[in-house]
Number of protein chains: 2
Amino acid sequence: MTSPRSPRTGSPADGSHGRHGADGVGGPSVRVPERGIPEATVARLPVYLRALTGLSERGTATCSSEELAGAAGVNSAKLRKDLSYLGSYGTRGVGYDVEYLRYQIAREIGVTQDWPVVIVGIGNLGHALAKYSGFSSRGFRIVALLDADPRRQGEEVAGLGVRPFEEVDALVERHRVAIGVIATPAVAAQEVCDRLVAAGVTSILNFAPAVLSVPEGVDVRKVDLSIELQILAYHEQRKTLADVLDGTPVASGAVRS
Amino acid sequence: MTSPRSPRTGSPADGSHGRHGADGVGGPSVRVPERGIPEATVARLPVYLRALTGLSERGTATCSSEELAGAAGVNSAKLRKDLSYLGSYGTRGVGYDVEYLRYQIAREIGVTQDWPVVIVGIGNLGHALAKYSGFSSRGFRIVALLDADPRRQGEEVAGLGVRPFEEVDALVERHRVAIGVIATPAVAAQEVCDRLVAAGVTSILNFAPAVLSVPEGVDVRKVDLSIELQILAYHEQRKTLADVLDGTPVASGAVRS
DNA sequence: AGGAGTTTGTGAACGGGAGAACAAACCGAG
DNA sequence: CTCGGTTTGTTCTCCCGTTCACAAACTCCT
């Protein structure tokens with residue numbers, strides 16, 4: 001039984017995507033082609049997709065790996081290697097057909113279909129996410145906004161009413177939701193996560209500053225605003241520190257007392 | 001001259017933090033202790049910091065690497081190695097003093113001081129960021145909200161008025177701002193970025209779905225909501241695909257037509 | 001004081017990703 | 001048809017990060 005109700009293992013959920021445990025014990029199963037695309041490559045495919053969309057809108061029919069790499073902000077060798085995991089979609093001496101490659105990447109990622117998504121926690125961030133147009137335009141459709149606070153329920157955001165969190169099971173089942181977004185305060189995050197998983201959600205995007213534990217087979221990605229700032233602060237501190245020790249006169253704006 | 005006005009190189013800005021170019025040619029400079037903390041470790045330090053804060057609030061005075069690792073969602077060996085880059089702050093046979101370690105990490109990251117920050121682009125996301133309490137509570141102080149749209153200017157958000165973007169130079173200089181947040185539409189992002197850098201900002205957190213080019217010495221971190229969702233979609237697609245090919249009956253909520 | 005039990009800090013093996021470099025393949029001109 | 005120019009796909013090497021395993025160091029109990 002790999003039901004969503006299986007006991008939660010203290011799995012990392014730090015970005016290492018828990019593959020199915022069905023490894024090794026599996027019988028003579030048919031084995032999916034196993035084009036195991038490296039995680040680092042998967043993370044870049046959406047960037048390439050966006051760059052290709054840009055080129056396409058500008059009317060470009062064909063592009064070289066150099067051009068595309070420039071638009072995506074990566075090394076051209078890396079780009080070619082990434083694309084080679086998907087197959088040989090380019091033509092030597094010519095380059096890549098923009099539309100064709102765009103479709104192939106979209107298909108590989110899975111955004112040719114569109115994915116129903118629920119957002120839990122309609123506070124400041126939840127509002128912004130609900131109204132963010134970048135989701136709908138890229139293969140994702142927000143089908144429900146949930147919040148535990150009765151004062152928020154009933155409010156209309158981006159054409160959708162905010163529903164009580166208790167309806168999570170019914171909504172997830174009705175719309176076949178596989179992806180959930182958590183934008184609640186940190187204290188509520190784990191509980192919300194458990195309920196989402198129990199309802200059948202198997203991928204979670206977590207904006208709450210909390211570490212989530214999930215059963216195997218459930219993917220969690222974390223977006224943490226203050227952590228990003230702290231990483232910048234670290235480098236910033238080292239920059240000014242190095243400048244001071246080097247005796248290099250620093251630019252006025254960068255001086256720190 | 002490493003002034004912010006130096007010509008922009010087409011540097012990646014994909015997370016590879018451009019170290020100062022002053023490497024190799026440097027004379028007999030004093031060289032900062034060069035405790036080069038690995039990038040992966042730096043990214044985890046804020047997580048440890050948060051976990052320690054949690055333990056501290058719960059009244060824990062001491063913790064083992066195992067406990068802390070559990071709270072931070074990582075492997076205990078990794079945690080110990082990460083901490084070892086900062087120094088030997090633990091006691092064998094005992095563990096770590098929560099308060100002491102907390103301070104050491106905070107100091108290393110640079111959040112014992114507080115960092116003035118400007119936010120550019122006060123749309124949906126900008127609003128949410130301005131009101132997000134997680135910033136102020138963690139060593140960051142929002143000193144200005146900027147927007148190019150006159151209709152947004154003057155509006156009061158989180159106790160701060162929205163100012164015209166033209167004031168960026170004055171504000172950055174007056175408050176000694178080193179960190180800027182971009183929450184504008186994609187088309188405006190590069191221009192805003194250039195202006196910020198010209199004004200003296202040397203670290204940028206970018207929420208716009210665009211690739212930014214910056215001069216060397218400027219750090220950019222990107223947070224892209226739809227890319228995160230697309231990565232989840234990829235894994236989700238593979239999950240259901242694998243299940244179908246394996247003939248494994250999938251849980252009801254996870255079925256996809 | 002000594003020994004058993006814990007827990008840290010680190011050396012070493014291992015795996016994955018990045019980048020350089022090159023052979024294979026394609027186009028177009030003559 | 002052949003040849004030069006161009007661009008992809010891939011191989012090889014290096015480096016970073018993760019993990020294991022263990023010696024060193026500390027506490028507590030007898």
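None of these values were measured; they are calculated from a predicted model. Here is how names work: the chains are called A, B, and so on, in the same order as the sequence lines, proteins then strands, and each is numbered from 1.
- Rounded to whole Å, atom P of C/dT10 lies 12 Å from atom CG of B/Leu86.
- Using a 4.0 Å cut-off, some side-chain N or O of A/Asn75 falls inside it from OP1 or OP2 of C/dA20.
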Taking distance alone, no hydrogens or angles, what donor-acceptor pairs closer than 3.5 Å link side-chain atoms of residues 61-72 of chain B to residues at least two apart or in another chain?
unit_1, atom_1, unit_2, atom_2, d
B/Ser64, OG, B/Glu66, N, 3.3
B/Ser64, OG, B/Glu67, N, 3.2
B/Ser65, OG, B/Arg80, NH1, 3.1
B/Glu67, OE2, B/Ser64, N, 3.1

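- Atom CG in A/Asp82 sits about 13 Å away from atom C1' in C/dG16, given to the nearest Å.
- Classification of B/Asp219 and A/Lys239 as a salt-bridged pair holds, one side-chain N sitting under 4.0 Å from a carboxylate O.
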Identify the pairs formed between an N or O of the protein and an N or O of nucleotides 11-15 of chain C at a distance under 3.5 Å, and give each distance.
unit_1, atom_1, unit_2, atom_2, d
C/dG11, O6, B/Lys81, NZ, 3.4
C/dA12, N6, B/Lys81, NZ, 2.9

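- Rounded to whole Å, atom C1' of D/dG17 lies 12 Å from atom CD of B/Glu39.
- The two atoms that bring A/Leu129 and A/Ala183 nearest to each other are CD1-CB, 4.2 Å, heavy atoms only.
- With rounding to whole Å, B/Leu101 atom CG is found 14 Å from C/dG9 atom C1'.
- Salt-bridge formation is not detected for the pair A/Asp114/A/Arg138: no Lys NZ or Arg NE/NH1/NH2 atom is positioned less than 4.0 Å from an Asp or Glu carboxylate oxygen.
- Aromatic rings from A/Tyr89 and A/Tyr96 are positioned such that their centres are separated by 6.0 Å or more.
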> Passes side chain to side chain donor-acceptor pair (under 3.5 Å), A/Arg221 versus A/Ser203? Steps please.
Replying inline: CA-CA 8 Å; A/Arg221 290 193 68 87; A/Ser203 287; over 6 Å; no
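- With rounding to whole Å, B/Tyr85 atom OH is found 9 Å from D/dC16 atom C1'.
- In this structure, CG of B/Leu83 is placed 9 Å from P of C/dT8, rounded to the nearest angstrom.
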>> Please encode protein proximity along nucleotides 3-8 of chain D as a string of B, S and -, counting only heavy-atom distances under 4.0 Å.
In response: ---BBB
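- A pairwise comparison of heavy atoms in A/Ala210 and A/Ala189 identifies CB-CB, 4.2 Å as the closest pair.
- Taken to the nearest 0.5 Å, the OG1 atom of A/Thr60 stands 11.0 Å off from the CG atom of A/Asp97.
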